[in-house]
Structures are given as structure tokens and as C-alpha cells.
Amino acid sequence: MVSLRFPFSFSQSSTSTLPSPNSPPFRASTLAVTVAATAAVATIAATAAASASTKDTGATPNPKHPFLQEALNFFFANRSLPLWGSLSLANSADPVVHSRTGVSFPSILADSRKLLGIGLRRKSVLGLKNIDVYAFGVYADNNEVKKMLGKKYKKLSSSEIKESKEFTDDLIENDISMTVRLQIMYSKLSIRSVRNAFEESVGSRLQKFGGPDNKELLQRFTSQFKDEYKIPRGSVIELARERGYVLRTTIDGKEVGSIQSKLLCKSILDLYIGEDPFDKQAKEDVKHNVASLLQE
């Protein structure tokens, strides 16, 4: 049996985790007006289709709501139409579905933390098969982002912000409420694998940022993942940075521990949006969406 090292020892995925051009895109900066435009196009096309159908076949539309019925028929019969602009994370409370995996993420957590990016972690087995182990979403409190980063970055263009190396460093360093939500996909994953992998990956980040004398801090964190916890497919692990640099860990909604440590918070966030993140495209999405937020 292959031993999985979760969640940070997997090789970096070289494929993008964003939707392909033929599937709904994930961009928090999508303007709501695009939604209206898309709907208008579908409505016009539906009217034409309804008219043509009636003339050619002699079919009788729904007597109660003929226009609505024909519009719906047209829309669902033409699913290949790209739904560019069908989602605005900044203004919608609807869940967001990761196109590659079908995993659904809440667009808002804790009333104020909004989804900024989604990534996928995969494990290559003997170079023959890739296993989708978990999908993850990165969230941040929009108001706190504006308050902490607005003064420095508001006057810069979105492209200048995204090209700035300091930008993600500031997002990681500042006392901004953020959450990384892991949604387990691999059904055979054990809590022991989680604990062992955190020891390796978080341990390396603690040493990178704080030196070698942080074994006690690492042990306090990893000891939260006790053998009694089960994490079947669909389980959710949340690593949340609260104000005051408190890392709060929950498994399926149950808090399993909290630790006040700026170093630990930085080490966790660095895994997802730092210099060498698990999913580079997810990091780029976070940068793009935070930059757009600061331009509002």
C-alpha cells in the first residue's frame, strides 16, 4: 500500500487548478454587469429560438409562461455556452464549485471572510496515477485587508500590485483574519498522515522563519491532530488566523486547539501563498483578487 504524506509533502502540481476556457472561470473580480450581459444574450437568443421553433414545428409554447419556458429550454439545451461572468465572489453568497474536482466551497466564512482562491493538491503514485487528496480555499476579511494594506497599495495599479514580491509578504505578515479551508477528497487518508506531514512541512517553515529552536511550538500544533479524529472523504480542516496572531484549528466544525504565535501563523500561510506555494495558480488568484479589492 502506498503511504501518503499529507498535506505538504506532495510534489508541486504543474497543471493549473483553474477552469479551462471552456468551463466557468474563477475570478472574484468579475463584474456583476457581465452577468447581466450574459443573461441578456441568452434571453435574446432564447426569443429567437422560441420563434423559430414555433414557426418550423408548429409547437405550442407553455400557455402560462411561454417566454420563460422557451428561455429555460434554450439555456439548458445549450450548456456549452461559456458562462463567463456568471459568478461574482465579491457580491455573491452562493457556494463556489471547483471546476476540476466538483468540490463546493462557501463563498463567505465567519460572516466576513471571503473566498479569494481555490487550489488542488495531488499525489503521484509510482508515476502512474495522480490522486486528488484535497482541495483548498483561501479566505480573508475584506475590511481588514483594506485597512492593513490599503494605504501602501491603493494608489498602485492591479498589475503593479501583482508584480510586487512584498505584496504577499505583507498579506502574510499583517494581523489580518484569514482562513485556509482544506476539504478532504482521498477517502483513505488518516489523521496520522496529517500529523506526520505537518511535522515535516510546518517544521521546515518554522525553521526557515524562526530558526531551529521551535520544536516545542511544532509539537503543540501537531498534537492537536489526535488519533481519535476521523477524516473520511468530505471532511473539512480549517486553519484560521484570528486577530492577535492566534491560529485556531477545527476539524469538521469542532475546534481542536488554538495557539497564539505569529511565527506559526506565518508558517501555515506561507505553505499556500508564500514564496514556494503548494499551488502556484491559487496564489496568483489570491493576489489578483486582493489587488482588485484594494482598487475598489
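Being a predicted model, the structure only gives us computed values, none of them experimental.
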Does Lys215 NZ have over 12 foreign heavy atoms under 6.0 Å away?
no

In terms of side-chain geometry, is the basic nitrogen of Lys114 or Asp141 positioned less than 4.0 Å from the acidic oxygen of its partner?
no

From Ser190 atom OG to Ile231 atom CD1, the distance as rounded to the nearest 0.5 Å:
6.5 Å

Could you list the donor-acceptor pairs under 3.5 angstrom formed by side chains in residues 174-182, with sequence neighbours left out?
residue: Asn174; atom: ND2; partner: Asp170; partner atom: O; Å: 2.7
residue: Asp175; atom: OD1; partner: Gly244; partner atom: N; Å: 3.1
residue: Asp175; atom: OD1; partner: Tyr245; partner atom: N; Å: 3.4
residue: Asp175; atom: OD2; partner: Arg243; partner atom: NE; Å: 3.4
residue: Asp175; atom: OD2; partner: Gly244; partner atom: N; Å: 2.9
residue: Ser177; atom: OG; partner: Glu144; partner atom: OE1; Å: 3.0
residue: Ser177; atom: OG; partner: Glu144; partner atom: OE2; Å: 3.2
residue: Thr179; atom: OG1; partner: Arg113; partner atom: NH1; Å: 2.8
residue: Arg181; atom: NE; partner: Gln183; partner atom: OE1; Å: 2.6
residue: Arg181; atom: NH1; partner: Glu238; partner atom: OE2; Å: 2.6
residue: Arg181; atom: NH2; partner: Gln183; partner atom: OE1; Å: 3.4

Same cluster or not: Ile184 versus Val256, using hydrophobic residues (I, L, V, M, F, W, Y) connected whenever any side-chain heavy atoms lie under 4.5 Å apart?
yes

Can you tell me if Glu160 uses its side chain to pair, donor with acceptor, with the backbone of Ser157 under 3.5 Å?
yes

Measuring only between side-chain heavy atoms, which start at C-beta, is Leu206 closer than 4.5 Å to Leu217?
yes

N/O donor-acceptor pair under 3.5 Å between Ser292 side chain and His288 backbone:
yes

Going through the distances and angles, do Val290 and Val145 end up as a side chain to side chain contact (heavy atoms under 4.5 Å, CB included)?
CA-CA 8 Å; Val290 174; Val145 169; 3.7 Å; yes

Keeping the roles fixed (side chain from Tyr139, backbone from Pro106), state whether a donor-acceptor pair exists under 3.5 Å.
yes

Kindly indicate, with the supporting measurements, whether the criterion salt bridge (charged side-chain N to carboxylate O under 4.0 Å, His left out) is fulfilled by Lys165 and Glu275.
CA-CA 9 Å; Lys165 180 183 183 300; Glu275 183 178 0; 5.1 Å; no

Considering all heavy atoms, the nearest Val96-Ser107 contact:
CG2-CB, 4.1 Å

Can you measure from CD1 (Ile191) to CG (Asp227) and round to the nearest 0.5 angstrom?
8.0 Å

Glu296 bridged to Lys146 by N-O distance under 4.0 Å
yes

For Thr249 and Gln224, which I'm curious about, is there any donor-acceptor pair between the side chains at under 3.5 Å?
yes

List in chain and number order the residues that pass side chain to side chain donor-acceptor pair (under 3.5 Å) with Ser204, two or more places apart in sequence or in another chain; answer none if no residue qualifies.
none

Using the test side chain to side chain contact (heavy atoms under 4.5 Å, CB included), find all partners of Asp132 that sit at least two apart in sequence or belong to another chain.
Thr101, Leu120, Arg122, Met185

On a heavy-atom basis, the closest approach of Gly274 and Ile172 is CA-CD1, 3.9 Å

Work out which heavy atom in Pro277 is nearest to a heavy atom in Lys283; give both atom names and the distance.
CG-CD, 3.7 Å

For residues 254-270, pull every pair meeting side-chain hydrogen bond (donor to acceptor under 3.5 Å, both in side chains), keeping only residues two or more places apart or in separate chains.
Glu173-Lys266, Arg205-Asp270

salt_bridge(Lys162, Glu284) N-O dist < 4.0 Å:
no

Would you say Thr168 and Lys287 make side-chain contact, with heavy atoms under 4.5 Å?
yes

Identify, with sequence neighbours excluded, every residue that meets side chain to side chain contact (heavy atoms under 4.5 Å, CB included) alongside Lys226.
Glu228, Tyr229

Under the 3.5 angstrom rule, does the side chain of Asp279 hit a backbone N or O of Ala282 as a donor-acceptor pair?
yes

Stepwise ring-ring contact (aromatic ring centres under 6.0 Å, His included) check, Tyr153 with Phe167
CA-CA 8 Å; Tyr153 293 102; Phe167 181 53; 5.1 Å; yes

With sequence neighbours excluded, what pairs up with Phe225 under the ring pair (Phe, Tyr, Trp, His ring centres under 6.0 Å) test?
Phe198, Phe221

Using the rule given for side chain to side chain contact (heavy atoms under 4.5 Å, CB included), can you reason through Leu171 versus Leu149, listing the C-alpha separation, both sets of side-chain angles and the distance that settles it, and then say yes or no?
CA-CA 8 Å; Leu171 186 61; Leu149 304 183; 4.0 Å; yes

Main-chain N/O of Pro95 paired with Ser104 side-chain donor or acceptor, under 3.5 Å:
no

Determine yes or no for a side-chain-to-main-chain donor-acceptor pair under 3.5 angstrom, with Asn289 supplying the side chain and Leu116 the backbone.
yes

